[in-house]
There are 2 protein chains.
Amino acid sequence: MTLAYPLDDPRAARPASALSDAFDRHGVRMAYARNEEIYAQDDAVELLYRVVRGVVRTSRVTADGRRQVGAFYYPGDLFGLEPGPDHRFGAEALDDCEILVVRRSAVRAAAGDAELDRAILEAQRLEMERLQDHVVMLGRKSARERVASFLMSIAQRGGDDHADLAMGRQDMADYLGLTIETVSRMLTQLQGEAIVAFPSSRRFEIRKWTALEALAA
Amino acid sequence: MTLAYPLDDPRAARPASALSDAFDRHGVRMAYARNEEIYAQDDAVELLYRVVRGVVRTSRVTADGRRQVGAFYYPGDLFGLEPGPDHRFGAEALDDCEILVVRRSAVRAAAGDAELDRAILEAQRLEMERLQDHVVMLGRKSARERVASFLMSIAQRGGDDHADLAMGRQDMADYLGLTIETVSRMLTQLQGEAIVAFPSSRRFEIRKWTALEALAA
DNA sequence: CGCGCTTTTGAGAAACGTCAAGCTCAGTGG
DNA sequence: CCACTGAGCTTGACGTTTCTCAAAAGCGCG
C-alpha cells in the first residue's frame, strides 16, 4: 500500500463530527490497490478504518483453503472494529481504495467524546445485525433467495433502480456460501423471469421489486 | 414464568464481581419452564439476563416458518445483549431455567464501574466471535463438519470426555442450518466410525479427539 | 486480432432434504 | 408387572438442490 497524502491535505473532506475529527487529527489516509491486503487474518487489532473511496471486503480462509467473505464496506463505512485482540477476518481492497486509518489508542484518548463513542457503538451495532442476518441467510435460505437478498441489499444502498456490483461473482459466492456457478445460474434465472436485468455483468436493474422482495424476505 | 425468589435470598450465590453485584442489587431471579419464552423476537431490548441454572436458546423464525437458532447459553453466560433497539432473536428456556434479570438502565446507572463495563464488553466480544464462527460454519462447512464442530464445542465446555446435550435434535438442526434427519444421519455416521459414542441420545463421549478435531476445523 | 480473465452453460455426481415408516424409551394407567 | 402411549430419534427410499468438472462464450486490453 502507499500513503496517499497527509490528512491536512485539502482534498480530505471534513464533515463536522467527532468521528471525522478524530480521523482528521490522528488519522492517515492510505491508498490500496485492487486485491491488496489492508490487514491480515490474525493480525492484532490496533487500528480503526474508514472507507473514503472504493470498496473493501473482509474474508476468512480456513486451513484447507475454503473462503468465507464476511462483509463488504463502502465509502463512509467504518471497519476493523473486531472485539477480540486479533482479526478473525482479513480485509482486502476490492478495487483501488482510499482508506482513513487511526490508531485505536488515539480514538480511546479522544474518549469521553459522546458523539465519537456513539459513532463507534453504532458501527458495532450495524456489524452485529449484519452478522445476525448473515447467519439466518446462510442457515435457512436457498441459493435463489440468497442471491435475491444480495441484489436487494446492493440496490437499497444505491437508492435508485440501477446499481453497480463492486465485486465479481467469486466474491458474491464466497459471501453467500455458494459456488460461483450457482450464483451465475441464479442470476441467469432471475433475468429469465425478468425480475432483474443485467446490461453488463457488473451492472443491474431491478424490474420487479415485489418479486425480488418476496424472495429476499 | 414465575418469580422464583428475591435476590437477597441466601440461595443466590455471590461471586464478588461488579457484574454479580449489579445483578444482586438490581436483579430479579426468574424461573422459566421448558420451552417457555423469555423474551420474544421484536421485543424491545430493555433487560440483561444471566443464566443461573438450565440452558437458554435464542432463535429467529422467518415469516414462512423457517427457524434459525442463534445460540445456546449455559449457566454463567450473559445474554440478551443485542445492540439494536429490539431483539432480532427471541429467547426460550431449553429446559427448566433460573435466570437473573436486570434492567439495562440499572446497569447503566452503575456505569463507570470498570469491572462491570468489562464484563459486558467481554460478553459482547464473545457474542460477536460466536456469530463470526457461526457464519463460517454455515457458509463453508459440510453437514458432517457442522455436526462434528457442534459436538466439539459442547465437549470443550464440559471439560471431561463425557458430555450431555441439553438440546434435542431439532434444536441442533436449526442451529446448524440442517434438517433433523441429516443431523441424525451424521451422528450415526460418526458413531459408525467410532469417533464418538452415544450411550443415550442426549449423552456422548468422544473416542477419537484428533479425528473429530480434524473434522471440526 | 489474439490473449487472459471472468462469466456462463452443460452434464453428471454428490450432498442434502422430503416423506414415510419404524424404533426406543420413559411415563402411565390397567 | 406389563402393555399402551406419545414424543423424540433413526432409517430407508427417493427427489431436489447444489456442487464439480469441463468447455464455451463474453469482454477488456495490448
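So you know, we letter chains A, B, ... as the sequences are listed, proteins then strands, and number each from 1. The structure presented is a predicted model; accordingly, all values stated were derived computationally and were not measured. Below, all heavy atoms of this structure are taken into account, side chains as well, without hydrogens, waters or symmetry copies.
In this structure, R140(A) contributes its side chain and R67(B) its backbone to a donor-acceptor pair below 3.5 Å. With hydrogens and angles disregarded, no donor-acceptor distance shorter than 3.5 Å links the side chain of R66(A) to the backbone of K141(B).
Residues meeting the side-chain hydrogen bond (donor to acceptor under 3.5 Å, both in side chains) test with R130(B), sequence neighbours left out: E127(B).
Rounding to the nearest 0.5 Å places CD of Q68(B) at 9.0 Å from OH of Y175(B). We find the CG-CG distance between L176(B) and D171(B) to be 10.5 Å, quoted to the nearest 0.5 Å. Residue F150(B) holds its CZ atom at 4.5 Å from CZ of F72(B), rounded to the nearest 0.5 Å.
If you walk DNA chain D from 5' to 3' and mark each nucleotide with an atom closer than 4.0 Å to a heavy atom of chain B, the marks span dG8(D) to dA13(D).
A distance of 6.0 Å or more separates the ring centres of Y73(B) and Y49(B).
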Per-nucleotide protein contact string for nucleotides 3-19 of chain C (B base, S sugar-phosphate only, - none; heavy atom under 4.0 Å): ----SBBBB----SSBB

